[in-house]
Amino acid sequence: MSLLDLAPVIPVVVIKDVETAVPLARALVAGGLPVIEVTLRTPAALESIARIAAEVPGARIGAGTIRTGADVAAAVAAGSKFLVSPGTTPALAEALESSGVPYLPGAATASEVMALAERGLRELKFFPAEAAGGVPYLKSLAGPLPDVRFCPTGGINPETAGDYLALPNVGCVGGSWLTPADALATGDWARVEKLAAEAAALR
Ligand code: 3PG
């Protein structure tokens with residue numbers, strides 16, 4: 001099954017404290033969002049991915065903010081089951097293609113989408129979604145490029161997620177609103193689970 005069809009929302013998570021990784025993943029899974037993207041933006045990211053992979057069997061854990069071949073190797077070695085990148089260079093596309101796991105390469109323009117489609121890639125991350133044009137922009141891409149589907153991410157919130165999910169070329173959306181920094185800092189897992197449950201009900 002496609003990564004885009006497993007859940008309506010992929011939580012994009014920035015983990016500062018590795019001790020929060022497992023409880024936050026459990027809260028997201030309990031709320032109904034099993035696909036979790038941990039961004040490689042903190043020193044705790046790789047160890048967090050490893051712990052979630054080992055200790056939260058219900059989670060489909062992946063790595064985000066993949067920028068280089070080295071990121072691909074480190075993320076897969078840590079136990080990532082999928083990879084997400086904000087944009088895509090030819091070198092990164094090659095590394096993703098040989099990673100052995102599913103991936104969502106980032107694109108934001110018709111030319112970028114077409115370059116990836118030429119490589120046979122038709123499931124992409126659309127980033128930065130709101131800043132790049134949001135729902136009207138994706139609607140416009142669906143005309144000439146109807147065979148490409150997206151996970152838009154960047155600036156999406158609970159109020160706008162439904163509009164994205166209603167588009168024929170959107171499989172799921174990504175966002176960080178499920179895991180607010182203050183909830184992670186105080187260990188408010190009930191709040192994370194509630195936000196996840198509300199997001200899971202979006203479709
Ligand atoms: C990101 O890469 O930071 C994601 O797109 C999350 O964006 P958001 O914080 O605007 O949801």
Side-chain angles (χ1 to χ4, degrees), residues 3-4 6-16 20-21 24-25 27-28 31 33-46 48-49 52 59-68 71-72 74-75 78 80-89 92-93 96 102-109 112-113 116 123-138 141 149-165 167 169-185 188 191-192 194-200 202-203:
L3 261 183
L4 297 186
L6 296 172
V9 179
I10 298 180
V12 177
V13 191
V14 178
I15 301 182
K16 292 193 179 131
T20 64
L24 92 79
L28 291 168
L33 297 181
V35 185
I36 303 169
E37 174 189 332
V38 173
T39 56
L40 300 192
R41 291 182 207 173
T42 62
L46 290 170
S48 296
I49 289 167
I52 294 168
R60 175 93 175 248
I61 184 68
T65 321
I66 297 283
R67 295 176 53 181
T68 65
D71 289 343
V72 170
S80 302
K81 304 296 188 290
F82 68 94
L83 305 171
V84 184
S85 67
T88 317
T89 65
L92 179 58
L96 290 168
Y103 49 92
L104 296 172
T109 66
E112 290 167 11
V113 172
L116 292 168
E123 297 193 336
L124 312 176
K125 163 163 160 154
F126 176 62
F127 176 83
E130 279 288 294
V135 167
Y137 193 102
L138 281 165
L141 287 181
R149 291 202 308 149
F150 299 92
C151 174
T153 306
I156 299 177
N157 60 44
E159 286 71 44
T160 57
D163 294 337
Y164 282 95
L165 290 167
L167 297 175
N169 57 346
V170 168
C172 64
V173 303
S176 61
W177 81 86
L178 297 306
T179 49
D182 59 330
L184 270 50
D188 190 352
R191 182 169 162 216
V192 173
K194 182 167 179 285
L195 288 166
E198 288 163 3
L202 279 170
R203 191 179 54 200

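Both ligands and their constituent atoms are indexed starting at 1 by order of listing. Quantities reported herein were computed from a predicted structural model and do not represent experimental measurements.
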Asker: Does Asp182 form a salt bridge (Lys or Arg N to Asp or Glu O under 4.0 Å) with Arg191? I'd like the steps, not just the answer.
Answerer: CA-CA 10 Å; Asp182 59 330; Arg191 182 169 162 216; 3.3 Å; yes
Asker: Specify the protein heavy atom at minimum distance from atom 7 (O) of ligand 1: its residue, its atom name, and the distance to 0.1 Å.
Answerer: Gly154 CA, 3.5 Å
Asker: So for Arg41, does at least one of its heavy atoms come nearer than 4.0 angstrom to any atom of ligand 1?
Answerer: yes
Asker: Heavy-atom pairs closer than 4.0 Å: do any link ligand 1 to the side chain of Trp177, the backbone, both, or neither?
Answerer: neither
Asker: Could you check whether any heavy atom of Gly155 sits closer than 4.0 Å to an atom of ligand 1, since that is the contact criterion I want to use?
Answerer: yes
Asker: What is the nearest protein non-hydrogen atom to atom 6 (C) of ligand 1, stated with its residue, atom name and distance?
Answerer: Thr153 CG2, 3.8 Å
Asker: Does Ser176 use its side chain to pair, donor to acceptor, with the backbone of Val12 at less than 3.5 Å?
Answerer: no
Asker: Here's a test for you: under side chain to side chain contact (heavy atoms under 4.5 Å, CB included), which of Leu46, Val84, Ile15, Leu24 qualifies with Val38?
Answerer: Ile15
Asker: Just by modelled atom types, is the Gly106 backbone N or O under 3.5 Å from a matching donor or acceptor in the Thr88 side chain?
Answerer: yes
Asker: Do side-chain atoms of Asn157 reach the backbone of Trp177 as a donor and acceptor pair under 3.5 angstrom?
Answerer: no
Asker: Look at the rings of Phe126 and Tyr137 and say which category their plane angle falls in: under 30° parallel, 30 to 60° tilted, over 60° perpendicular.
Answerer: parallel
Asker: Check ligand 1 against Ser176 and write out every atom of the ligand that is under 4.0 Å from a heavy-atom position of the residue.
Answerer: 8 (P), 9 (O), 11 (O)
Asker: Under 4.0 Å from a heavy atom of Lys125: give me the atoms of ligand 1 that qualify, with their elements.
Answerer: 2 (O), 5 (O)
